[in-house]
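Small disclaimer: the values here were computed from a predicted structure and weren't measured. Start at 1 with the first residue, then count along the sequence.
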Amino acid sequence: MSKKARKTGAQTAPRATPKAASRASAKTATKGPANALNGTTAERIATALEAIAGHLSAAAPAATSPESFGAADAFVWHPDGRLSPVPRVSRVELGLLKGIDRMRDILIENTERFADGLPANNALLWGARGMGKSSLVKAAHASINIERKPADRLKLIEIHREDIESLPGLMDLLRSSDFRFIVFCDDLSFDGNDASYKSLKAVLEGGIEGRPDNVILYATSNRRHLLAREMIENERSTAINPGEAVEEKVSLSDRFGLWLGFHRCSQDEYLAMVRGYCGHFGIKIGDEELEREALEWSTTRGSRSGRVAWQFTQELAGRLGVRLAGK
């Protein structure tokens, strides 16, 4: 074969096989319809997503308006802007709270002044566990409302500890209402690097808007300064200026004008709590036997408190077949 012939053969493109040609032809033929199909699918997906979003929006609970506060005397705050009414508050009657007479009288007086439109202080109830701190707040709210007209009744709003950062939003909602509110946070405390206490400080005192005149804050805690002891000690040991660092940490509790300390009860106070519960619910048992069993119960629990007294009462009532219908 000549050199010219070899050169011409090298420049000629290889012939496609029938199978490859068929695939190329099919790909070219379907390119246009596939694009049209993809466009139709995208439109259907967009329409379906819009319909789902519309259903979700319709199903989502509406934010609470100031006009809806007449529906109940107690609510639970949700950070999405809702206040869920509580038809029946879990509470203990004020007369059943024993061993905390002084704290009870102070809180009742402060709450009455606030309900009457007079100046009153935010209150921090701190101290021993199970001694009726949260029970006193709920009982005080109920006792204030007993003889008040519906338009003058206090509203109790519970905010959970983890939702404290949404407190400014709650204040904005309550500010425009004609009712007066106790905002209640149970077991309020802060740990680690939790900085949400700074937003609470601004709401209590120090912010530009300040606390609304129709709102008062009651909080319970096992800690007087709401912060763990190791947090305060760590600030003292590592800060350049220990005094300033500690002051910044403990200043939160200073924003509560009323501090009520709850301490462990004596044996006589514990037995008075047990007898008060048994008398209220009609539990029939000899006094000597009641005292012996109540003391044995507190010994096995390792403490004496109102909570332990109530737990013993439930045990005793269940064993004797008595229903605690009055709770």
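- Other residues, nucleotides and ligands place more than 12 heavy atoms under 6.0 Å from the CD atom of E162.
- Inspection of the H78 and S84 side chains reveals an N or O donor paired with an N or O acceptor under 3.5 Å.
- Classification of D268 and R304 as a salt-bridged pair fails, no side-chain N sitting under 4.0 Å from a carboxylate O.
- Proximity of D73 to V89: side-chain heavy atoms (C-beta onward) are nowhere separated by under 4.5 Å.
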**OP:** Take I182 and I157 through the test side chain to side chain contact (heavy atoms under 4.5 Å, CB included) and record every step on the way to the result.
**Re:** CA-CA 6 Å; I182 299 174; I157 298 179; over 6 Å; no
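- Counted within 6.0 Å of CZ on R175, heavy atoms from surrounding residues, nucleotides or ligands total more than 12; the atom is thus considered enclosed.
- Between the side chains of T220 and W126, no donor-acceptor pair of N or O atoms lies under 3.5 Å.
- To the nearest 0.5 Å, atoms OG (S221) and CG (D187) are separated by 6.5 Å.
- Within the 3.5 Å criterion, the main-chain N or O of V215 finds a donor-acceptor partner in the side chain of R211.
- The nearest pair of heavy atoms linking G130 to S305 is O-CB, 3.4 Å.
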**OP:** Assess whether salt bridge (charged side-chain N to carboxylate O under 4.0 Å, His left out) is satisfied between R148 and D116, documenting all intermediate values.
**Re:** CA-CA 11 Å; R148 290 184 177 269; D116 293 335; 2.8 Å; yes
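- Hydrophobic clustering of Ile, Leu, Val, Met, Phe, Trp and Tyr side chains at less than 4.5 Å, counting indirect connections, keeps V76 apart from L83.
- Under the rule for a ring pair (Phe, Tyr, Trp, His ring centres under 6.0 Å), Y270 has no partner lying at least two apart in sequence or in another chain.
- The minimum heavy-atom distance linking F114 with A120 is given by the pair CB-CB, 3.7 Å.
- Checking side-chain atoms of E269 against main-chain N and O of S266 turns up a donor-acceptor pair under 3.5 Å.
- No side-chain heavy atom of F75 sits less than 4.5 Å from a side-chain heavy atom of F181.
- The side-chain heavy atoms of C265 and M273, taken from C-beta on, include a pair separated by under 4.5 Å.
- Counting heavy atoms from C-beta on, the side chains of R91 and H141 come closer than 4.5 Å.
- Side-chain contact check for P119 versus R113: every heavy-atom pair is 4.5 Å or farther apart.
- Between L94 and R104, the closest side-chain pair of non-hydrogen atoms falls below 4.5 Å.
- Nearest heavy atom pair, residue R264 against residue S303, reads NH1-CB, 4.2 Å.
- When the shell of 6.0 Å around CG of D213 is examined, it contains 12 or fewer heavy atoms from other residues, nucleotides or ligands.
- In plain terms, the two heavy atoms of S166 and W77 that are nearest each other are OG-NE1, 2.9 Å.
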Subject >> F184 vs I159, side chain to side chain contact (heavy atoms under 4.5 Å, CB included): CA-CA, chis, key distance, verdict >> reply: CA-CA 6 Å; F184 169 53; I159 180 171; over 6 Å; no
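- A pairwise comparison of heavy atoms in C185 and H160 identifies SG-C, 4.3 Å as the closest pair.
- Comment: K149 does not engage D152 in a salt bridge, judged by the lack of any side-chain N to carboxylate O separation of less than 4.0 angstrom.
- Taken together through direct or relayed side-chain contacts under 4.5 Å among Ile, Leu, Val, Met, Phe, Trp and Tyr, V274 and L324 form part of one hydrophobic cluster.
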**OP:** Check the pair I144, E112 against side chain to side chain contact (heavy atoms under 4.5 Å, CB included), reporting the backbone distance first and the verdict last.
**Re:** CA-CA 7 Å; I144 295 298; E112 283 181 342; 3.0 Å; yes
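- No continuous path of ILVMFWY side-chain contacts below 4.5 Å connects V86 to L174, so the two sit in separate hydrophobic clusters.
- Between the side chain of K138 and the main chain of S90, a donor-acceptor pair closer than 3.5 Å is present.
- Under a hydrophobic clustering in which Ile, Leu, Val, Met, Phe, Trp and Tyr are joined whenever their side-chain heavy atoms come within less than 4.5 Å, directly or via other members, I283 and Y277 fall into the same cluster.
- Between the side chain of N214 and the backbone N or O of S177 there is at least one donor-acceptor pair closer than 3.5 Å.
- Residues M171 and V183 form a side-chain contact, since some pair of their non-hydrogen atoms from C-beta on lies under 4.5 Å apart.
- For D178, the CG atom is loosely surrounded, since the number of other residues' heavy atoms within 6.0 Å does not exceed 12.
- Note: W297 and F312 have tilted aromatic rings, judged against thresholds of 30 and 60 degrees for the angle between ring planes.
- Interatomic distance, M131 CE to L97 CG, rounded to the nearest 0.5 Å: 9.5 Å.
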**OP:** Please report the C-alpha distance between L188 and L124 in whole Å, then the side-chain angles of each, then the deciding distance to 0.1 Å, and finally whether the side chain to side chain contact (heavy atoms under 4.5 Å, CB included) criterion is met.
**Re:** CA-CA 9 Å; L188 179 63; L124 173 62; 5.7 Å; no
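- A salt bridge links E293 with R319: at least one charged nitrogen is closer than 4.0 Å to a carboxylate oxygen.
- The closest donor-acceptor contact from the side chain of N145 to the backbone of L154 lies under 3.5 Å.
- Contact check for V322 versus L316: no side-chain heavy atoms found under the 4.5 Å cut-off.
- Rounding to the nearest 0.5 Å places OG of S135 at 8.0 Å from CD1 of I100.
- In the hydrophobic clustering of this structure, F179 groups with L217; members are Ile, Leu, Val, Met, Phe, Trp, Tyr whose side-chain heavy atoms approach within less than 4.5 Å, directly or through other members.
- Ion pairing between D287 and R275 holds under the 4.0 Å rule for side-chain N and carboxylate O.
- Donor-acceptor pairing under 3.5 Å is recorded for the side chains of Y218 and N110.
- For the pair K98 (side chain) and G306 (backbone), a donor-acceptor distance under 3.5 Å is absent.
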